[in-house]
Amino acid sequence: LINGNELWKTYKLDSTEVHALRGLNITVGEGEFVSIMGPSGSGKSTLLNMIGGLDNPTKGDLFIDGKDISRMSEGELTRMRAEKIGFIFQTFNLLPALTVRDNVEFPMRNLNGSKKMNKSSRIKKAEECIEIVGLGDRMDYLPAKLSGGERQRVAVARALVNNPKFILADEPTGNLDSESTENIINLLHEVNQNETTVIMVTHDAETTKNTRIMKIRDGKIAE
Ligand code: ATP
Ligand code: MG
């Protein structure tokens, strides 16, 4: 389902080159919950962004559901992201001027073709996802009025709204206290039980229980 072969990512800054990934191989099967760990700068975010089609490998190929994403056009990538992938970030990345309901509704605007939805169905679906994360009483709040844990729950609802095949979470609990951390990890496991594949970058071993752990070092899988 996800298959990366000999992935290299080289960033060029002026005359220096940074090899963020150095021939990394990765396979993730359908419905798995994978935790990616490793030192700062080892290439974890680079790898996640690549799987999510936000960035391209310099060398190597990366198949998502049998399609080589290093050969997709920008349009195909955008469509793949909208239909298949939910992102969750350490810093939440909610739109500050939009309410909880509108933040969660937002990704559905990117659906096209047979997946396109009218406004009232989008709102209904957004509200269902907000209920799932336990924020039914916060629909009309702006992000600034929410706690960190609540903001991340909104981000989880937003990631779920297009029924993605993959959730990619980059240190989703990095800014949360232990209670909110547990809450978000439990939510991710619930999502995973419903057959969504979850790939999570984390520094916290506590969050990796009942997941397959991959360790990255110097741009390669070490363990
Ligand atoms: P952290 O745990 O600190 O988040 P990470 O494992 O996610 O680290 P990456 O963000 O993937 O690490 O970065 C890997 C390497 O690539 C680092 O040396 C980083 O400085 C470099 N790098 C990442 N993004 C860029 C970029 N856009 N331009 C240049 N270098 C980059
Ligand atoms: Mg990172």
Side-chain angles (χ1 to χ4, degrees), residues 30-37 45 48 52 81-111 115 117-213:
E30 195 140 346
E32 279 202 90
F33 193 134
V34 172
S35 300
I36 298 178
M37 301 190 81
S45 296
L48 212 63
R81 283 198 299 267
E83 291 180 359
K84 295 202 169 170
I85 300 194
F87 289 99
I88 302 171
F89 303 95
Q90 179 173 3
T91 50
F92 322 129
N93 295 10
L94 301 175
L95 294 166
L98 298 188
T99 62
V100 166
R101 182 188 288 101
D102 290 345
N103 263 285
V104 176
E105 180 264 340
F106 202 81
M108 287 181 275
R109 300 183 198 180
N110 287 328
L111 296 173
K115 307 220 164 169
M117 292 163 84
N118 64 31
K119 177 100 196 216
S120 66
S121 336
R122 294 201 306 261
I123 295 283
K124 185 161 170 275
K125 176 74 182 176
E127 290 179 349
E128 282 168 20
C129 291
I130 296 164
E131 294 285 353
I132 290 171
V133 301
L135 290 176
D137 56 345
R138 297 285 194 278
M139 304 274 188
D140 294 308
Y141 276 53
L142 289 174
K145 302 260 159 114
L146 300 174
S147 72
E150 289 167 343
R151 285 180 211 184
Q152 197 61 307
R153 282 195 268 158
V154 176
V156 172
R158 178 181 60 183
L160 290 178
V161 84
N162 286 348
N163 305 313
K165 232 168 145 171
F166 307 97
I167 297 264
L168 305 180
D170 198 348
E171 300 191 41
T173 61
N175 283 334
L176 303 183
D177 60 59
S178 58
E179 193 184 327
S180 303
T181 293
E182 199 180 324
N183 183 285
I184 292 295
I185 296 298
N186 288 342
L187 272 174
L188 291 178
H189 277 282
E190 269 174 47
V191 172
N192 179 242
Q193 308 264 295
N194 296 326
E195 294 176 358
T196 302
T197 304
V198 177
I199 306 180
M200 170 177 76
V201 171
T202 183
H203 281 291
D204 176 4
E206 279 287 303
T207 62
T208 64
K209 279 183 214 147
N210 302 316
T211 72
R212 177 157 74 98
I213 302 170

Are any of the side-chain heavy atoms of E131 and M139 separated by less than 4.5 Å?
-> yes
Without swapping roles, check the side chain of D170 against the backbone of S45 for a donor-acceptor pair under 3.5 Å.
-> no
Looking only at side chains, do N183 and S180 share a donor and an acceptor under 3.5 Å apart?
-> no
Are any of the side-chain heavy atoms of I167 and I199 separated by less than 4.5 Å?
-> no
Mind checking whether K115 and M108 have side chains closer than 4.5 Å, heavy atoms only?
-> no
Is a side-chain donor or acceptor of E83 paired with a backbone partner of L111 at a separation under 3.5 angstrom?
-> no
Side chain to side chain, V161 and P107, heavy atoms closer than 4.5 Å | yes
Hey, does H189 have a side-chain heavy atom less than 4.5 Å from the side chain of F33?
-> yes
Are T91 and N93 linked by a side-chain donor-acceptor pair shorter than 3.5 Å?
-> yes
Keeping the roles fixed (side chain from N162, backbone from P164), state whether a donor-acceptor pair exists under 3.5 Å.
-> no
Verify, without hydrogens or angle tests, whether Q152 (side chain) and F89 (backbone) share a donor-acceptor contact under 3.5 angstrom.
-> yes
Are side-chain N/O atoms of T99 and D140 paired as donor and acceptor at under 3.5 Å?
-> no
Determine whether more than 12 heavy atoms belonging to other residues, nucleotides or ligands lie under 6.0 Å from atom CD of E32.
-> yes
Taking atom types as modelled, is there a side-chain donor on T211 or S35 under 3.5 Å from an acceptor on the other?
-> yes
Donor + acceptor pair across side chains of N118, S121 (<3.5 Å) | yes
Quick one: does M200's side chain get under 4.5 Å of I36's, heavy atoms only?
-> no
Any side-chain heavy-atom pair from L188 and T196 closer than 4.5 angstrom?
-> no
Checking salt bridge (Lys or Arg N to Asp or Glu O under 4.0 Å) for the pair R109/E105: CA distance, chi angles, key distance, verdict?
-> CA-CA 7 Å; R109 300 183 198 180; E105 180 264 340; 2.9 Å; yes
T197 side chain to G31 backbone, donor-acceptor under 3.5 Å = yes
Side chains of T202 and T207, donor plus acceptor under 3.5 Å | yes
Does some side-chain heavy atom of V34 sit less than 4.5 Å from a side-chain heavy atom of V198?
-> no
Classify the side-chain pair K84/N163 by whether it contains a donor and acceptor separated by less than 3.5 Å.
-> no
Answer yes or no: are there more than 12 heavy-atom neighbours, outside E128 itself, under 6.0 Å from its atom CD?
-> yes
